[in-house]
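Have a look at the structure below before the remarks.
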Protein chains: 2
Amino acid sequence: MAGSTLRDVARRAGVSIRTVSNVVNGSVPVSDELRVRVQAALDELDYRPNLVARNLRRGRSGMIALVVPELDVPYFAELAREVITAARTHGYVVMLDQTDGDGDRERELLGRESRATMFDGLLLSPLSISADELRRRTNKVPVVLLGEHIFNGSFHHVAIDNIVAAREATEHLIGLGRRRIAAIGDQPYSTGETAQLRTTGYRQALERAGLTVDRELIVPTPRFHRHLGAEAMERLLALPEPPDAVFCYNDLLAIGAMHTLARAGVRVPEDIAVVGVDGIQEGRYSSPSLTTVAPDKAAIARTAVSTLLGVIDGSAPAPTDAKAPHRLLVRQSTRGAPVD
Amino acid sequence: MAGSTLRDVARRAGVSIRTVSNVVNGSVPVSDELRVRVQAALDELDYRPNLVARNLRRGRSGMIALVVPELDVPYFAELAREVITAARTHGYVVMLDQTDGDGDRERELLGRESRATMFDGLLLSPLSISADELRRRTNKVPVVLLGEHIFNGSFHHVAIDNIVAAREATEHLIGLGRRRIAAIGDQPYSTGETAQLRTTGYRQALERAGLTVDRELIVPTPRFHRHLGAEAMERLLALPEPPDAVFCYNDLLAIGAMHTLARAGVRVPEDIAVVGVDGIQEGRYSSPSLTTVAPDKAAIARTAVSTLLGVIDGSAPAPTDAKAPHRLLVRQSTRGAPVD
DNA sequence: CATCATCTCTGCATCGTTGCAAAGGACGGG
DNA sequence: CCCGTCCTTTGCAACGATGCAGAGATGATG
């Protein structure tokens with residue numbers, strides 16, 4: 001039942017515990033004769049190191065935690081995939097937790113009884129926790145923030161350049177000749193910094209093109225979910241003068257918006273062009289397929305993981321603010337042509 | 001830098017280590033006077049229990065691992081969400097790993113140097129590992145299998161009734177008056193047991209309705225991905241006599257199939273009706289929205305977690321074969337009416 | 001032949017926590 | 001006034017592994 005320990009193996013092989021440990025780890029040279037004997041005992045007893053004990057002794061767990069609002073949001077699932085892959089190349093495994101955008105749950109993570117102490121570090125994609133809280137609560141555990149929020153300079157941070165990304169998406173629509181361009185997803189309050197950056201980029205693009213910003217066309221949504229995109233689009237269609245294009249702050253909003261358009265019999269992109277952000281796989285196969293600004297998720301994951309490991313081993317003390325690349329993927333929802 | 005330990009707190013409060021431990025755990029009564037003094041010291045030093053040490057001592061880690069082929073497949077992401085939630089109600093956290101359907105990676109999980117020993121148990125959704133291998137390799141670590149494969153009676157197992165689910169999906173199509181019904185997703189080889197069950201249900205439905213099974217209409221796919229569904233549908237459209245309905249073995253295949261149909265100008269459901277399996281959120285917002293057989297993922301997760309915990313504490317020794325409920329969600333891809 | 005360097009191998013202490021058993025003090029009953 | 005009981009508090013050992021320093025054997029060197 002219980003797994004065998006170094007002691008069991010040592011007894012069986014007639015050597016000291018320490019020698020067995022040396023054979024297992026291979027760090028210290030062991031004579032051929034003993035090695036063979038110990039190896040045999042290891043095999044016979046099917047020894048597996050107790051990693052909890054090893055971690056205690058070594059002071060490291062080899063685990064990092066990735067905390068996202070919702071795992072069933074495709075962007076986070078795809079990001080999680082990349083984080084797991086990136087961590088593996090460094091010999092780390094990833095514990096996943098979700099907060100459901102619940103501030104209390106996020107706070108709990110940093111509190112006294114949190115499991116966070118079990119991990120060497122934390123990758124956190126905060127939704128509703130504020131910068132101050134985070135600063136106050138984060139004791140000792142190395143943290144790297146992903147995507148959301150900015151927290152100017154207090155924390156390591158990895159994200160795309162949201163202003164530029166939003167501007168490019170909007171410029172793409174302008175380049176198609178659209179003039180009445182809506183935006184779905186603004187969040188004009190303290191925890192909506194990412195959304196606000198995208199609004200900034202959207203406005204920049206309009207202003208540079210000499211277009212006026214119509215506040216009626218900026219529809220806020222508390223979260224980035226399909227159904228909220230659908231509702232926002234209903235509001236836009238109800239306007240006396242509906243838009244001829246929509247920039248959605250993420251792909252789920254865009255897909256919700258297209259859902260509403262399909263029901264209403266509005267043609268995409270002929271009547272209204274749609275562009276999203278996130279580059280999720282779902283958008284490649286939607287009807288029509290979705291034009292999107294795709295962050296390089298693998299790059300985000302790699303940067304985040306290696307930054308975090310840098311903090312853990314003390315080689316990266318000063319908070320960095322890394323920008324990951326992104327690119328515009330033009331598909332049917334703006335271009336129309338059914339090619340992929 | 002380094003967190004404070006029970007010893008530090010004990011020294012500061014002028015009591016024994018054990019008393020501090022008692023205050024922290026609250027299991028043994030402590031006098032008010034000492035409790036106050038210790039609590040003050042705890043707060044001042046911002047003590048956080050070292051969970052690695054605690055786990056070593058208690059012989060439990062409070063962690064289970066969930067291993068899925070791919071986290072960016074929506075079904076697994078949605079399932080993972082439920083598993084994390086279910087585990088939390090039992091005080092457990094979940095480590096997530098993905099195997100990319102790589103048999104070696106799955107095998108590695110059960111091998112000598114695996115991290116699996118760090119977890120109290122394993123929820124495994126195997127893709128390419130065989131029953132024998134699993135039986136041979138799984139030593140000691142409690143395992144519950146999810147969804148895929150059957151492994152008659154050797155392991156705890158939780159899944160929907162695949163035969164019934166497939167039969168109901170097919171019967172739904174038959175009920176709509178369709179007579180030439182294709183199937184996408186068969187896997188006629190040892191690791192494709194789930195797919196084979198769905199094929200069985202499909203055939204049962206046809207036979208009961210007195211329809212003949214046309215082997216040309218059963219298109220196998222090595223995996224359940226969107227692009228494979230798209231390719232399979234191309235093959236079906238190229239037939240001299242294309243189908244008037246398709247039963248896809250999961251929603252991603254169905255979405256890929258609909259993608260092909262949209263490009264080819266074939267109307268769904270008028271020309272070809274489509275039904276999938278998995279009930280992923282993506283299908284609610286696709287155009288047209290997707291009819292699907294939705295497993296109760298929360299129920300699967302709850303059952304799997306509580307079964308696993310039962311194995312861990314020794315109260316559930318005999319392998320069980322739990323069937324989770326499922327239900328048919330009829331949407332536009334078969335019914336047509338644009339209501340939801 | 002004595003001495004020293006080298007190479008294996010070992011025992012002990014330790015990581016931070018909790019189980020166990022017993023010490024110490026307070027208290028009530030006979 | 002003494003003894004037994006109960007309650008709080010404590011020290012020791014242990015979970016299973018690794019770091020360290022040193023023991024013993026072997027070979028090289030003067």
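So you know, we letter chains A, B, ... as the sequences are listed, proteins then strands, and number each from 1. Hydrogens, waters and symmetry mates are skipped; everything else that's a heavy atom, side chains included, is used.
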**Request:** Starting from the C-alpha separation in whole Å, work towards a yes-or-no answer on side-chain contact (heavy atoms from CB on, under 4.5 Å) for B/L71 and A/L96.
**Result:** CA-CA 11 Å; B/L71 197 50; A/L96 258 163; 3.8 Å; yes

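Listed by first and then second residue, the side chain to side chain donor-acceptor pair (under 3.5 Å) pairs involving residues 26-36 of chain B are B/D32-B/R35, B/E33-B/R37 (not counting sequence neighbours).
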Mind listing the N/O atom pairs, protein and nucleotides 14-16 of chain C, below 3.5 Å?
{"residue": "C/dT14", "atom": "O2", "partner": "A/R57", "partner atom": "NH1", "Å": "2.5"}

Between protein and nucleotides 9-11 of chain C, what N or O pairs are separated by less than 3.5 Å?
{"residue": "C/dC9", "atom": "OP1", "partner": "A/S31", "partner atom": "OG", "Å": "2.5"}
{"residue": "C/dC9", "atom": "OP2", "partner": "A/S31", "partner atom": "N", "Å": "2.7"}
{"residue": "C/dT10", "atom": "OP2", "partner": "A/S16", "partner atom": "N", "Å": "3.2"}
{"residue": "C/dT10", "atom": "OP2", "partner": "A/S16", "partner atom": "OG", "Å": "3.1"}
{"residue": "C/dT10", "atom": "OP2", "partner": "A/T19", "partner atom": "OG1", "Å": "2.3"}

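Applying the salt bridge (charged side-chain N to carboxylate O under 4.0 Å, His left out) rule to B/D120 yields no partners; only residues at least two apart in sequence or on another chain are considered. With sequence neighbours excluded, the residues satisfying side-chain contact (heavy atoms from CB on, under 4.5 Å) with B/A65 are B/M95, B/F119, B/L122. Among residues two or more places apart in sequence or in another chain, the side-chain contact (heavy atoms from CB on, under 4.5 Å) test is passed with B/R57 by none. Not counting sequence neighbours, B/R58 has no partner by the salt bridge (charged side-chain N to carboxylate O under 4.0 Å, His left out) test. Partners of B/N22 under the side-chain contact (heavy atoms from CB on, under 4.5 Å) rule, at least two apart in sequence or in another chain, are B/R18, B/V28, B/V30. For B/N50, the side-chain contact (heavy atoms from CB on, under 4.5 Å) partners at least two apart in sequence or on another chain are A/L56, B/V52, B/A53.
In summary, of the residues considered (B/V83, B/V143, B/I64), a side chain to side chain contact (heavy atoms under 4.5 Å, CB included) with B/L308 occurs for B/I64 alone.
On the nucleic acid side, DNA chain D has its first and last nucleotide under 4.0 Å of a heavy atom of chain B at D/dT8 to D/dG16, going 5' to 3'.
B/N25 has a side-chain polar atom (N or O) that falls below the 4.0 Å cut-off from OP1 or OP2 of C/dT18.
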Cut-off 3.5 Å, no hydrogens considered: what does the side-chain donor-acceptor table look like for residues 298-306 of chain B, sequence neighbours left out?
{"residue": "B/T303", "atom": "OG1", "partner": "B/A299", "partner atom": "O", "Å": "2.8"}
{"residue": "B/S306", "atom": "OG", "partner": "B/R302", "partner atom": "O", "Å": "3.0"}
{"residue": "B/S306", "atom": "OG", "partner": "B/T303", "partner atom": "O", "Å": "3.4"}

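Rounding to the nearest 0.5 Å places CZ of A/R81 at 4.5 Å from CD of B/Q98.
Under 4.0 Å is where a charged nitrogen must lie from a carboxylate oxygen, and between B/K297 and B/E78 at least one such pair does.
B/L51 has its CG atom 10 Å from the C1' atom of C/dT17, to the nearest Å.
The end-to-end axis angle of the helix from C/dC1-D/dG30 to C/dG30-D/dC1, rounded to 10 degrees and based on five pairs per end, is 60°.
Side-chain contact of A/H156 with A/T307: a donor-acceptor pair under 3.5 Å is absent, judged by distance alone.
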